[in-house]
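Reviewing the structure listed below.
Owing to the predicted nature of the structure, the values given are computational and were not obtained by experimental measurement.
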Amino acid sequence: MLATPERKDEIITLLERLRQDEKIEHFETLRVTNTGAMLDVDVTLWPTRDATGTVVGACAIVRDISDRKRAEAELTELYRQQKHIALTLQRSLMGTPPAIPGLAAASRYRPATQGAGVGGDWFDLIPLGAGRVGILIGDVMGRGLEAASVMGQLRSAAHALAKTGMQPRQLMQALDAVVADLDVPDQLVTCCYLVIAPDAGSVTLCSAGHLPTLVATPGSGVARLPAPVNAPLGVGDILYQQSSAAIPPGAALVLYTDGLVETPGSDIEYQIDKLITVLDDAFTLSRGLEDAADHVLATLLPDAEGHDDDVTLLLARLPAAPLDIARLELPATASAVSAGRSFVVETLAAWGCAHKADDTRLLVSEILTNAVQHAEGPVVLHLRRTATELAVEISDLSPHLPQPRLAAEDEESGRGLILVDTLADNWGVRPDEQGKTTWFALRL
């Protein structure tokens, strides 16, 4: 009588358990009141026996838990709302990396299933101009809104610093100072920054305590990318080292955070080796990055609701090599300007890009003149053509970075970079170990 029609079998099961001399505690269910309303109840049942110990009846205590159930439902909804807000905040701080022409990429992010579900993982893809691409991945230790807040600040700082064209080790040095300035005691951050140079077929990277970057080379399998071991950001007073490695076009870089491979009671090196094996299988089964990313997560994290740390996985395939490359080394003398102009015109004619010769010649003339006047030789002129872009780089041995400025009417200099900024589709200056490189790009 007290059970709803769909719960009649429940009564039969409870009576059978009582006949088996079993005590039933805190069985939560629904019961019907004398008004016909439904009531959440907590039922405790235990058998009664006669003098011989035979079960002859049962006692029951039924508690009204409707208030508790309502409170639990309200808390669950509040928790759901807070988690949604936290995840929205984190995704906003992480940003959405831009699609970079020529660079195929696949990324996966899984928030932690425990607590607020937010953490300090982030990654970024940064177009650096002239065909170069920067890749960032990092992990702020800890979880919660504090870790996400630190992550957001570091990601913004790292993106802005990378756009200046600085070397990976210089960027890590600067980020270490940023972490030190944050008002978060004992905060440690692992981070890895890579710069891809498709024309040179190389990757330059610096890792601040981050897990090894993996590279999947067609026909050669998956291996770790050699890199110096540096301390995490936040330790302070560390001189970061970087390394370069030759990687062929078509190879895929694999970056990840510890949530993907770190499990309680397991050796981290064993888990990384397991990841390498899984990636070998993934790239053997399919050459697509999206399919490979799905295969890795399905194999290493089969229980989507069972991990207590956020997980980030990023796969990026190196762009194809340029269609054409030309290089000329010049002395830092006035004759270098006319020689550079002639070289540009001849090269573009041979490449079938004569329609871009006038603009390119003018831009090269302005930058070469600046290099001859203010830098030391030799000056290297480097041209590169892809299917969509013509990129020109001029390298010299001066560490001084040119800056556009408005020239007065009676000044002879100061207009060159304004012309470059006006005519080029994109341009910039990046420092290197020997000096600097000024570059510009024109769409084809």
Please test Asp358 against Arg361 for salt bridge (Lys or Arg N to Asp or Glu O under 4.0 Å), starting from the C-alpha separation and ending with a verdict. CA-CA 5 Å; Asp358 289 343; Arg361 179 174 55 187; 3.1 Å; yes
Could you please spell out the steps behind the side chain to side chain contact (heavy atoms under 4.5 Å, CB included) verdict for Ile135 and Phe123? CA-CA 7 Å; Ile135 301 179; Phe123 69 93; over 6 Å; no
Between Thr257 and Asp121, is there a side-chain donor-acceptor contact under 3.5 Å, judged purely by atom types and distance? yes
Taking all heavy atoms of Leu368 and all of Ala336, pick out the closest pair and write down the distance. CD1-O, 3.7 Å
Which atom pair, heavy atoms only, marks the closest approach of Tyr240 to Cys206? CB-SG, 3.9 Å
Do NZ/NE/NH1/NH2 and the carboxylate oxygens of Asp273 and Arg224 come within less than 4.0 Å? yes
Of the non-hydrogen atoms in Leu323 and Ala387, which two are nearest, and what is the gap between them? CD1-N, 3.7 Å
Would you indicate whether the side-chain heavy atoms of Asp421 and Trp427 approach each other to under 4.5 Å? yes
Is the shortest side-chain heavy-atom distance between Leu194 and Thr204 below 4.5 Å? no
Indicate whether the side chain of Asp64 and that of Ser66 have a donor and an acceptor atom separated by less than 3.5 Å. yes
Search all heavy atoms of Leu442 against all heavy atoms of Ala424 and return the closest pair with its distance. CD2-CA, 3.8 Å
Check whether Thr299 reaches the backbone of Val296 with its side chain - one donor and one acceptor, N or O, closer than 3.5 Å. no
Main chain of Ala339, side chain of Ser342: is a donor-acceptor contact present, judged purely on distance under 3.5 Å? no
Does the distance from a Lys or Arg side-chain N to an Asp or Glu carboxylate O, for Arg169 and Glu433, drop under 4.0 Å? yes
For Glu329, the side chain to side chain donor-acceptor pair (under 3.5 Å) test, sequence neighbours excluded, returns none
Please evaluate residues Leu233 and Leu188 with respect to the criterion side chain to side chain contact (heavy atoms under 4.5 Å, CB included), reporting the C-alpha separation (whole Å), side-chain torsions for both, the decisive distance (0.1 Å), and the verdict. CA-CA 6 Å; Leu233 303 175; Leu188 288 180; over 6 Å; no
Per the salt bridge (Lys or Arg N to Asp or Glu O under 4.0 Å) rule, what does the pair list look like for residues 191-217, sequence neighbours excluded? Asp199-Arg384
Side-chain donor/acceptor of Asp324 to backbone N/O of Arg385, under 3.5 Å: no
With side chain to side chain contact (heavy atoms under 4.5 Å, CB included) as the criterion, how do Leu253 and Ile196 come out once you've worked through the C-alpha distance, each side chain's angles and the decisive distance to 0.1 Å? CA-CA 10 Å; Leu253 295 169; Ile196 301 173; 3.9 Å; yes
Could you tell me whether Lys436 and Glu393 make a salt bridge, using a distance below 4.0 angstrom between a side-chain N and a carboxylate O? no
Would you check, one step at a time, whether the test side chain to side chain contact (heavy atoms under 4.5 Å, CB included) holds for Trp439 with Asn426? CA-CA 8 Å; Trp439 60 268; Asn426 198 8; 3.6 Å; yes
Between Asp42 and Ile65, is there a donor-acceptor pair closer than 3.5 Å when you use the side chain of the first and the backbone of the second? no
Are the side chain of Tyr256 and the backbone N or O of Pro212 linked by a donor-acceptor pair below 3.5 Å? yes
Between the side chains of Gln271 and Glu262, does any donor sit under 3.5 Å from an acceptor? no
Which value, rounded to the nearest 0.5 Å, describes the distance between Cys191 atom SG and Leu175 atom CG? 5.5 Å
Using a strict 4.0 Å threshold on nitrogen-to-oxygen distance, state whether Asp124 and Arg155 make a salt bridge. yes
